[in-house]
S.K.: 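This is the structure, below, for whatever I ask next.
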Amino acid sequence: MDPSKIREKIGRFRILIVGRANAGKTTILHRVCNTRDDPEIYNSAGEKIDLAVLTPSRERGLHNIENEMVFKSNPGFIFHDSCGFEPGGESEFEKVKAFITDRSKETKITNRLHVIWYCIPMDEASRSFTQGENKFFSQCDTGSIPVIVLFTKFDALYDVAYAKLRKEGRSRKDAKELAPKQAKESFANGSQLKFLKDLRRPPKCHVCLPHMNKDDADCSALIERTAGALDDEVLNRLFVSNQQTNLEICMKYAIQR
């Protein structure tokens with residue numbers, strides 16, 4: 001089916017982004033949609049929420065997982081945001097679990113959830129997995145919805161590798177050049193990926209995202225992994241045609257089809 005006809009039939013590609021506070025979720029969405037502007041937010045009835053007239057109590061409602069976030073720079077995507085699961089946040093977990101279940105049972109494909117991005121930050125304060133991640137991947141049945149783990153702030157591991165190389169006697173220049181490669185090698189053999197492999201419900205795949213806070217940040221790895229995780233050909237074409245940050249992947253999938 002032609003991508004334009006798919007967009008006409010299905011509408012927009014729907015993504016749930018999950019992650020604890022300061023996991024870099026907003027930064028990721030800005031990069032994917034190639035903007036620094038805030039999204040427009042709509043409630044479950046499709047009514048636009050006017051951010052200028054929000055009271056503090058209503059502002060807390062912005063984090064309602066049912067709300068839809070749409071960026072003007074790329075209206076082909078609808079994002080739903082979960083606050084993540086902090087200690088004692090049982091109610092938030094149940095809301096996310098119910099949302100995923102309900103969306104997976106939607107009869108209309110346009111209302112279904114199409115993919116889940118689960119953000120886990122690699123900065124020093126948050127590097128280890130929390131009870132929230134364990135709970136999500138052991139108790140939350142996502143059905144046929146692919147889950148992709150995003151290791152955000154991955155450049156924090158570059159700093160760790162740099163310090164280690166300097167301690168070993170490397171020059172600043174050499175340590176800076178070698179740090180990314182060493183960080184990736186250490187990560188590949190580390191506890192994080194072992195954790196994913198041992199999960200009851202492991203994610204479809206993972207992607208490491210460094211330097212997403214920079215203006216020239218490259219999120220093409222996320223785009224490629226997401227496209228590769230979509231077994232449904234129609235959803236795959238919808239996602240690839242809607243994304244605007246990677247022309248190469250559009251050409252790649254056009255040739256494959």
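Each residue takes its place number in the sequence, starting with 1.
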S.K.: Quick one: which of I120, L199, L193 gives a side chain to side chain contact (heavy atoms under 4.5 Å, CB included) with V149?
M.R.: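 Considering I120, L199, L193, a side chain to side chain contact (heavy atoms under 4.5 Å, CB included) with V149 is found only for I120.
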S.K.: Would you name the heavy atoms of L235 and F13 that are closest together and state the gap between them?
M.R.: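 Smallest interatomic distance, heavy atoms only, reads O-CE1, 3.7 Å.
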S.K.: Name all residues meeting the side-chain hydrogen bond (donor to acceptor under 3.5 Å, both in side chains) criterion together with H30; count only those two or more places apart in sequence or in a different chain, and write none if there are none.
M.R.: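 Partners of H30 under the side-chain hydrogen bond (donor to acceptor under 3.5 Å, both in side chains) test: none.
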S.K.: Aromatic rings F79 and F71: how do their planes relate, parallel, tilted or perpendicular, breaks at 30° and 60°?
M.R.: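 F79 and F71: perpendicular rings.
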S.K.: Only distances under 3.5 Å count here; give the side-chain donor-acceptor pairs of residues 205-216 to other protein atoms, sequence neighbours excluded, each with its distance to 0.1 Å.
M.R.:
from	atom 1	to	atom 2	distance (Å)
D215	OD1	R36	NE	3.1
D215	OD1	R36	NH2	2.4

S.K.: Verify side-chain contact (heavy atoms from CB on, under 4.5 Å) between T26 and D81, making sure each step is shown before the conclusion.
M.R.: CA-CA 9 Å; T26 302; D81 181 19; 5.9 Å; no
S.K.: Considering non-hydrogen atoms only, spot the tightest contact between G76 and N242 and give its length.
M.R.: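 Closest pair (atom of G76, atom of N242, distance): O-ND2, 2.9 Å.
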S.K.: Show your reasoning for whether side-chain contact (heavy atoms from CB on, under 4.5 Å) applies to T27 and K25.
M.R.: CA-CA 5 Å; T27 302; K25 293 182 292 181; over 6 Å; no
S.K.: Please confirm whether F239 and H114 have ring centers closer than 6.0 angstrom.
M.R.: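 Between F239 and H114, the centre distance exceeds or equals 6.0 Å.
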S.K.: What residues, two or more places apart in sequence or in another chain, satisfy side-chain hydrogen bond (donor to acceptor under 3.5 Å, both in side chains) together with K72?
M.R.: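 Residues passing side-chain hydrogen bond (donor to acceptor under 3.5 Å, both in side chains) with K72: none at all.
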S.K.: Quick check for you: to the nearest 0.5 Å, what is the distance between I15 atom CD1 and L29 atom CG?
M.R.: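 One gets 8.0 Å once the value is rounded to the nearest 0.5 Å.
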S.K.: Checking K48 now: which residues fulfil side chain to side chain contact (heavy atoms under 4.5 Å, CB included) with it, not counting sequence neighbours?
M.R.: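 Here the qualifying residues are E40, Y42.
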S.K.: Does one hydrophobic cluster hold both L16 and V70, with members joined at side-chain heavy-atom distances below 4.5 Å?
M.R.: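 No, it is not one cluster - the side chains of L16 and V70 are not joined through contacts under 4.5 Å.
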S.K.: Would a hydrophobic clustering, with Ile, Leu, Val, Met, Phe, Trp and Tyr connected at side-chain separations under 4.5 Å, put I41 with F77?
M.R.: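 Same cluster.
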S.K.: Under 3.5 Å, which donor-acceptor pairs do the side chains of residues 156-172 form with other protein atoms, sequence neighbours left out?
M.R.:
from	atom 1	to	atom 2	distance (Å)
R166	NH1	R170	O	2.8
S171	OG	D174	N	3.1
S171	OG	D174	OD2	3.4

S.K.: F99 versus S82: any side-chain heavy-atom pair under 4.5 Å?
M.R.: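 No; the side chains remain at least 4.5 Å from each other.
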S.K.: Is there a donor-acceptor pair under 3.5 Å between the side chain of S186 and the backbone N or O of A183?
M.R.: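 Flag not set: sc S186 to bb A183 has no pair under 3.5 Å.
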S.K.: So F151 and Q192, side-chain contact (heavy atoms from CB on, under 4.5 Å) or not? Walk me through it.
M.R.: CA-CA 9 Å; F151 288 107; Q192 287 88 0; 4.1 Å; yes
S.K.: Counting C-beta onward and ignoring hydrogens, is there a side-chain heavy-atom pair between T142 and I116 closer than 4.5 Å?
M.R.: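 In contact.
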S.K.: Say you draw a straight line from CD1 of I49 to CG of N67; how long is it, rounded to the nearest 0.5 Å?
M.R.: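 Atom-to-atom, I49:CD1 and N67:CG are 4.0 Å apart.
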S.K.: Considering non-hydrogen atoms only, spot the tightest contact between P146 and V115 and give its length.
M.R.: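 Closest approach of P146 to V115, heavy atoms only: O-CG2, 3.4 Å.
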S.K.: For T226, which residues count as a side-chain hydrogen bond (donor to acceptor under 3.5 Å, both in side chains) partner, sequence neighbours excluded?
M.R.: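 W117.
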S.K.: So which heavy atom on A227 is nearest to which on V240, and how close?
M.R.: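 Result for this residue pair: CB-CG2, 3.9 Å.
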S.K.: Step by step, would you call I17 with C119 a side-chain contact (heavy atoms from CB on, under 4.5 Å)?
M.R.: CA-CA 7 Å; I17 186 163; C119 298; 3.8 Å; yes
S.K.: Are E133 and T130 close enough that a side-chain donor and a side-chain acceptor fall under 3.5 Å?
M.R.: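 Checked: E133/T130 side chains pair up, N/O donor to acceptor below 3.5 Å.
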S.K.: Between F136 and F93, does the ring centroid distance fall short of 6.0 Å?
M.R.: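 Here the rings of F93 and F136 have centres that are no less than 6.0 Å from each other.
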S.K.: Kindly write out the residues that satisfy side-chain hydrogen bond (donor to acceptor under 3.5 Å, both in side chains) with Q182, not counting sequence neighbours, or none if the list is empty.
M.R.: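 Here no residue qualifies.
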S.K.: Enter the distance from C219:SG to R225:CZ here, rounded to the nearest 0.5 Å.
M.R.: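 Interatomic distance, C219 SG to R225 CZ, rounded to 0.5 Å: 14.0 Å.
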S.K.: Going hydrophobic residue to hydrophobic residue with side-chain gaps under 4.5 angstrom, can you get from F154 over to L178?
M.R.: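 They do not share one cluster, since no chain of ILVMFWY contacts under 4.5 Å joins F154 to L178.
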S.K.: Charged N to carboxylate O below 4.0 Å: is that the case for D231 and K204?
M.R.: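 A salt bridge links D231 with K204.
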S.K.: Which atoms form the tightest heavy-atom contact between R201 and C140, and what is the distance?
M.R.: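 R201 and C140 have their closest heavy atoms at CD-O, 3.5 Å.
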S.K.: In terms of hydrophobic clusters joined by side-chain contacts under 4.5 Å, are I223 and I78 together?
M.R.: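 Hydrophobic grouping puts I223 apart from I78.
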S.K.: Side chain to side chain contact (heavy atoms under 4.5 Å, CB included) with N134: which residues, sequence neighbours excluded?
M.R.: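 With sequence neighbours excluded, N134 shows a side chain to side chain contact (heavy atoms under 4.5 Å, CB included) to F195, given in chain and number order.
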S.K.: According to side chain to side chain contact (heavy atoms under 4.5 Å, CB included), who are the partners of K108, at least two apart in sequence or on a separate chain?
M.R.: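 Residues passing side chain to side chain contact (heavy atoms under 4.5 Å, CB included) with K108: T110, N111.
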S.K.: Out of H80, R14, R12, which one pairs with E68 under the side-chain hydrogen bond (donor to acceptor under 3.5 Å, both in side chains) rule?
M.R.: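 Considering H80, R14, R12, a side-chain hydrogen bond (donor to acceptor under 3.5 Å, both in side chains) with E68 is found only for R14.
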S.K.: If you look only at pairs with a residue in residues 185-196, which of them pass as a salt bridge (charged side-chain N to carboxylate O under 4.0 Å, His left out), with sequence neighbours excluded?
M.R.: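 Sorted pair list: K181-E185, K194-D198.
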S.K.: Please find the pair of heavy atoms, one from I100 and one from D141, that lie closest to each other, and give the distance.
M.R.: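 Closest approach of I100 to D141, heavy atoms only: CG2-O, 4.1 Å.
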S.K.: Hey, does L230 have a side-chain heavy atom less than 4.5 Å from the side chain of D232?
M.R.: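 SC-SC contact between D232 and L230 ruled out.
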S.K.: How far does CG of D37 sit from OG1 of T35, to the nearest 0.5 angstrom?
M.R.: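 Going from CG on D37 over to OG1 on T35, the span is 3.5 Å.
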S.K.: Measuring only between side-chain heavy atoms, which start at C-beta, is V32 closer than 4.5 Å to N74?
M.R.: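 They are not in contact (no side-chain heavy atoms under 4.5 Å apart), so the answer is no.
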S.K.: In chain order, what residues pass the salt bridge (charged side-chain N to carboxylate O under 4.0 Å, His left out) check against R103, with sequence neighbours excluded?
M.R.: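 If we apply the salt bridge (charged side-chain N to carboxylate O under 4.0 Å, His left out) test to R103, skipping adjacent residues, the hits are E66.
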S.K.: Listed by chain and number, what are the side chain to side chain contact (heavy atoms under 4.5 Å, CB included) partners of A188, not counting sequence neighbours?
M.R.: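 Counting only residues at least two positions away or on another chain, A188 forms no side chain to side chain contact (heavy atoms under 4.5 Å, CB included).
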